[in-house]
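Values below: every heavy atom of this structure, side chains too, minus hydrogens, waters and symmetry copies.
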Amino acid sequence: MKKKLLFVELHQETNSFSTVPTTLREFENFSLSYGEEVWAFADKYKAQAYGFRQAVRRWGQDEFAIVPVYAAWAWSGGPIAREVYEQFKTEAVTAVAEVANLTGIYVSLHGAMGVEDLRDPESDFLRAIRAVVGVDFPIAVSFDLHANVTEENIRLASFLVGYHTNPHRDFRRTGREAGRLLIGTVRGDMHPTMAWRKLPLLKGGGWGIDFLQPMRGIIRYMKRLEKRKAVLAAASFWVHIWIDDEELGWSAVVTTNNDPALAEQLVGELADRMWAVRARKHPQPKPVNEAIRIASQSWLRRKLGTVVFCDVSDIVGAGAPGANTNILAALLKQAPELYSYVPVRDPIAALAIWDTPQGEHVEIRVGGSIDPENNPPVDFSGDIVFRIDGAMGKTSIIRHQGLHLILSELPFTGYFRSDFTDLGINLWKTDIVVVKNLFPFRYRLALYNRRTVNVLTRGITNVDVHQLPYVKVPRPIYPLDEVKDWRG
């Protein structure tokens, strides 16, 4: 009988300031697969499971077989409903208990997940698995680069690996490395020893890109570390700044092969390099009126492609609801003639017009049903020019002159070109498109994007940490406080 390696994946990034809970529907809407169906998701997105399977095929030969439990992914949002999380945890623990000849487990998690009335759910999840298999059983864990690594995470994992890219492009590499190290650990060829450092540092919100300075140097340093024979893995976690937690902050992790002293030395050096970039300035977003002026004057760029408005106040990819009406209101007032597409999530308005035939004229009030303090209602009239019941639920496009409102039940992200083409949008023939993500559009829409404008209005993904309503974060922490040395 082959040795069994169990795979389970639960990814959701929580925004602590969101009042919109993440339910089972959000997982079903993004991706939720069980058993052998996990491989279809992995093959499509080249995600962690894909890389894990590659590792087993390459290094496991005929010795190991993978038992996939589920791969559950949801868009970033408010905390996961407690009953949804508990169901996922129960399914994982049940599978662990039932698999015969189980020799290792790979748990793919986000690292910045939140659950209603539960702190540090990643540790809770791992603790439940440890209760079945024991403290010495090999458990590989991978986290997103924006994870908030806690002391308990480190204690519960046999080793921890993380993404090296932002925008994230190395899901496959991460899974493959987790698999390689897990196989080596199960065989006894590797003896992972981890060292971890937590830095009193909050930087993020469009600031860190792996192939640009200042983070490029840190990523290259980690890659050099991983080429050393004694080093199994190195990771820097730049944290999701929109969570409010008592252990919030950047982290450095280095794993060596049975050399704890070396791990301690190298993780300190990695932390020093991370701390050294703390003062690098954030790109400054533009007020919406200024953004529209820039787009209006960029006539040649609009002719050759499109101008992308990155709605930094309402980043769905960082847990905002996608309900911002402020850009819509400003374009309606200042430049309705520009050929633009503006997404607004409003399930009440979306359902209210759903039975109106395509081609008909409608007058609606949109916004205000989700986070009304930041998203005041806007009166909008126009013709329904497109309709689909798809990834964003019931969605209609309403045109007023050149201004197109994308009105949807569920949030729009603009991660992929297909997010637009599935709505019948020709990106070569638009003046402005609004996206709700900080990073992926920068390379996935690069063919069409002639200028990016980060737009600041109102919302729960403010990129200025001084403006976020933290309550639990540890103090002092930079840049909220003056901190001279990460060591304290």
**OP:** Tell me yes or no: between the side chains of Asn324 and Thr457, is some donor less than 3.5 Å from an acceptor?
**Re:** yes
**OP:** With rounding to the nearest 0.5 Å, note down the distance linking CG in Asn462 to CD in Gln467.
**Re:** 5.5 Å
**OP:** Say whether, by atom type as modelled, one donor and one acceptor occur between the side chain of Asp144 and the main chain of Ala112 under 3.5 angstrom.
**Re:** no
Original post:
Roughly how far, to the nearest 0.5 Å, is CD1 of Ile209 from OG1 of Thr165?
Top reply: 11.5 Å
Subject >> Side-chain touch His11/Ser108, heavy atoms, less than 4.5 angstrom >> reply: yes
Original post:
Where is the tightest heavy-atom contact between Gly367 and Thr325, given as atom of each residue plus distance?
Top reply: CA-CG2, 3.6 Å
Original post:
Hey, do the aromatic rings of Phe420 and Phe412 have their centres closer than 6.0 Å?
Top reply: yes
**OP:** Mind checking ring pair (Phe, Tyr, Trp, His ring centres under 6.0 Å) for Phe143 and listing every partner two or more places apart, or none if nothing turns up?
**Re:** none
Original post:
Does the side chain to side chain contact (heavy atoms under 4.5 Å, CB included) test come out yes or no for Met274 and Leu270, once each step is laid out?
Top reply: CA-CA 6 Å; Met274 293 164 64; Leu270 176 56; 3.9 Å; yes
**OP:** Would you check if Tyr106 and Val56 make a side-chain contact, meaning some heavy-atom pair closer than 4.5 Å?
**Re:** no
Original post:
Which pairs pass salt bridge (Lys or Arg N to Asp or Glu O under 4.0 Å) with one or both residues in residues 383-398, sequence neighbours excluded?
Top reply: Asp389-Lys394
Original post:
Of all heavy-atom pairs between Val316 and Pro321, which one has the smallest distance, and what is that distance?
Top reply: CG2-C, 4.3 Å
**OP:** Show the numbers, then the answer: is there a side chain to side chain contact (heavy atoms under 4.5 Å, CB included) between Val378 and Val344?
**Re:** CA-CA 11 Å; Val378 173; Val344 176; over 6 Å; no
Original post:
How are the rings of Tyr45 and Phe41 set to each other: parallel, tilted or perpendicular (split at 30° and 60°)?
Top reply: tilted
Subject >> Nearest heavy atoms of Leu480 and Val465, plus distance in Å >> reply: CD2-O, 3.7 Å
Subject >> Short side-chain to backbone donor-acceptor contact, Lys198 and Val149, under 3.5 Å >> reply: yes
Original post:
OG/Ser418 to CD1/Ile425 distance, rounded to the nearest 0.5 angstrom?
Top reply: 11.5 Å
**OP:** Please list, chain by chain and in numerical order, all residues satisfying side-chain contact (heavy atoms from CB on, under 4.5 Å) with Ser408, sequence neighbours excluded.
**Re:** Arg345, Met392, Thr395
Subject >> Results of ring pair (Phe, Tyr, Trp, His ring centres under 6.0 Å) for Phe386 - residues two or more places apart only >> reply: none
Subject >> Distance-only polar pair, side chains of Glu363 and Ser381, donor-acceptor under 3.5 Å >> reply: no
**OP:** Please confirm whether the backbone N or O of Ile80 pairs with a side-chain atom of Thr22, one donor and one acceptor, at under 3.5 Å?
**Re:** no
Subject >> Residues Gln12, Tyr85; criterion side chain to side chain contact (heavy atoms under 4.5 Å, CB included); working and verdict >> reply: CA-CA 11 Å; Gln12 190 266 1; Tyr85 165 77; over 6 Å; no
**OP:** Compute whether any side-chain donor of one residue and acceptor of the other, for Asn15 and Ser18, lie under 3.5 angstrom apart.
**Re:** no
**OP:** Under the ring pair (Phe, Tyr, Trp, His ring centres under 6.0 Å) rule, collect the residues that match up with Phe88, sequence neighbours excluded.
**Re:** Phe27, Tyr70
Original post:
Is any side-chain heavy atom of Leu331 closer than 4.5 Å to a side-chain heavy atom of Ile432?
Top reply: yes
Original post:
Any side-chain heavy-atom pair from Leu403 and Leu328 closer than 4.5 angstrom?
Top reply: yes
Original post:
Are any non-hydrogen side-chain atoms of Ser236 and Trp250 less than 4.5 angstrom apart?
Top reply: no
Subject >> Partner of Asp210 under side chain to side chain donor-acceptor pair (under 3.5 Å), chosen from Arg216, Arg169, His164 >> reply: Arg169
**OP:** With sequence neighbours excluded, give me every salt bridge (Lys or Arg N to Asp or Glu O under 4.0 Å) pair touching residues 451-476.
**Re:** Arg475-Asp481
Subject >> Residues, nucleotides or ligands: over 12 heavy atoms within 6.0 Å of Arg82 CZ >> reply: yes
**OP:** Check for a donor-acceptor pair, side chain of Glu9 on one end and backbone N or O of Ala72 on the other, with a separation under 3.5 Å.
**Re:** no
Subject >> Counterpart residues, salt bridge (charged side-chain N to carboxylate O under 4.0 Å, His left out), relative to Glu13 (two or more places apart) >> reply: none
Original post:
Counting N and O atoms only, with roles assigned by atom type, does the side chain of His240 sit under 3.5 Å from a partner on the main chain of Thr14, one being a donor and the other an acceptor?
Top reply: yes
Original post:
Between the side chain of Asn326 and the main-chain N/O of Asn374, is any donor-acceptor distance below 3.5 Å?
Top reply: yes
Original post:
Quick one: CE on Met113 to CG on Leu118, what's the gap to the nearest 0.5 Å?
Top reply: 8.5 Å
**OP:** Kindly indicate whether the side chain of Tyr50, heavy atoms from C-beta on, has any atom under 4.5 Å from the side chain of Phe171.
**Re:** no
Subject >> ring-ring contact (aromatic ring centres under 6.0 Å, His included): pairs with one or both residues in residues 290-318, sequence neighbours excluded >> reply: none
**OP:** Please list all pairs passing the side chain to side chain donor-acceptor pair (under 3.5 Å) test where one or both residues lie in residues 421-438, with sequence neighbours left out.
**Re:** Arg302-Asp431, Thr306-Thr430, Asp311-Lys436, Asp314-Lys436
Original post:
What is the distance from atom CD1 of Ile218 to atom CZ of Arg273, rounded to the nearest 0.5 Å?
Top reply: 8.5 Å
Original post:
Looking at side-chain heavy atoms only, is the closest gap between Ile406 and Val434 below 4.5 Å?
Top reply: no
Subject >> Contact list for residues 20-48, test salt bridge (Lys or Arg N to Asp or Glu O under 4.0 Å), sequence neighbours left out >> reply: Arg25-Glu409, Asp43-Arg53
Original post:
Does the side chain to side chain contact (heavy atoms under 4.5 Å, CB included) test come out yes or no for Val483 and Ile477, once each step is laid out?
Top reply: CA-CA 7 Å; Val483 183; Ile477 192 167; 5.7 Å; no
Original post:
With a 3.5 Å cut-off and no angle check, do the side chains of Gln87 and Glu91 form a donor-acceptor pair?
Top reply: yes
Original post:
So do the side chains of Tyr415 and Phe439 get within less than 4.5 Å of each other, counting heavy atoms only?
Top reply: no
Original post:
Backbone N or O of Ala446 within a donor-acceptor pair of the Asn449 side chain at under 3.5 Å?
Top reply: no
Subject >> Approximate separation, where rounding is to 0.5 Å, of Trp39 CH2 and Phe52 CZ >> reply: 7.0 Å
Original post:
How far apart are the closest heavy atoms of Thr461 and Ala320, and which atoms are they?
Top reply: CG2-CB, 3.7 Å
Original post:
So, for Leu405 and Ile364, which heavy atoms are closest and what is the spacing to 0.1 Å?
Top reply: CD2-CD1, 4.3 Å
Check: residues 220-227 side-chain donor-acceptor pairs under 3.5 Å, at least two apart:
from	atom 1	to	atom 2	distance (Å)
Tyr221	OH	Glu269	OE1	3.0
Glu226	OE2	Ala234	N	2.9

Subject >> Set of residues satisfying ring pair (Phe, Tyr, Trp, His ring centres under 6.0 Å) with respect to His168, sequence neighbours excluded >> reply: His146, Tyr163
Subject >> Minimum-distance pair of heavy atoms, taken over all atoms of Gly414 and Leu445 >> reply: O-CD1, 4.3 Å
Original post:
Checking Arg442 side chain against Leu438 main chain: does a donor-acceptor pair fall under 3.5 Å?
Top reply: yes
